[in-house]
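Report on the structure given below.
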Amino acid sequence: MSAAELAAVICALVAVVATAALALVCARLVRVTNELRAAVVRFDEVAVPASERLETAADGASRQVDRLDDIIRHAGNVTGTADAATQAAFRVLSNPVIKTAAAASGTGRAVRRLRGRGA
């Protein structure tokens, strides 16, 4: 066997080993690609319904926030109205009440003086 023939045999062996290694790598790549496809399908099966539920929940939360905003606005209006009514009642009633109290106090003093002089 000459050096050229030996080099050809070695090259052939290296080519066979390289081809086998490449075949193993390709087989593994096919297996990983199939696993990736299956994972994407499972993700779609889970993600799409979850996304729909999330959208529904967000819509419900938005409606609740709108309702709370309306309730808070109405409560503010009621509070403002109650404050205005209280102030108006105070303004309307305070002057006559003060005058009535002053008149009652003065009448009481007058009665005490009259009783004290007459006795």
Side-chain angles (χ1 to χ4, degrees):
M1 188 185 256
S2 69
E5 291 173 346
L6 181 63
V9 169
I10 292 175
C11 284
L13 286 174
V14 169
V16 168
V17 170
T19 303
L22 186 59
L24 290 174
V25 169
C26 286
R28 177 71 179 142
L29 186 59
V30 167
R31 212 172 24 244
V32 169
T33 303
N34 289 335
E35 290 173 4
L36 185 59
R37 273 194 197 114
V40 167
V41 168
R42 285 192 308 270
F43 178 77
D44 281 345
E45 290 172 353
V46 172
V48 171
S51 173
E52 290 169 356
R53 286 191 307 269
L54 183 62
E55 185 177 346
T56 302
D59 289 342
S62 176
R63 284 192 302 273
Q64 291 296 326
V65 166
D66 290 342
R67 279 187 58 221
L68 285 174
D69 189 39
D70 290 343
I71 289 170
I72 289 170
R73 189 176 318 111
H74 289 300
N77 291 342
V78 168
T79 302
T81 302
D83 286 345
T86 302
Q87 289 175 357
F90 179 76
R91 276 188 247 119
V92 167
L93 296 177
S94 65
N95 196 23
V97 169
I98 292 170
K99 287 183 179 182
T100 302
S105 175
T107 303
R109 269 192 250 139
V111 167
R112 280 193 301 270
R113 284 187 186 165
L114 288 175
R115 281 188 186 169
R117 288 188 183 173

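Take D70 and apply the salt bridge (charged side-chain N to carboxylate O under 4.0 Å, His left out) test, not counting sequence neighbours, and it matches R73.
Without hydrogens or angle criteria, S62 side chain to A58 main chain gives no donor-acceptor distance under 3.5 Å. A distance-only check finds a donor-acceptor pair linking the side chain of E5 to the backbone of S2 [under 3.5 Å].
How far CG of L29 is from CG of L24: 12.5 Å, rounded to the nearest 0.5 Å. To the nearest 0.5 Å, atoms CD (Q64) and CD1 (I71) are separated by 8.5 Å. Distance check: I72 CD1 to T79 OG1 gives 11.5 Å after rounding to the nearest 0.5 Å.
Side chain to side chain, R109 and S105 meet the donor-acceptor criterion of an N or O pair below 3.5 Å. Between the side chains of R37 and N34, a donor-acceptor pair is found at a separation under 3.5 Å.
Under the 4.5 Å side-chain heavy-atom criterion for ILVMFWY residues, a single connected hydrophobic cluster contains both V14 and V9. Cluster membership for L13 and I10, using ILVMFWY side-chain heavy atoms within less than 4.5 angstrom, is shared.
For residues 47-57, there are no salt bridge (charged side-chain N to carboxylate O under 4.0 Å, His left out) pairs, not counting sequence neighbours.
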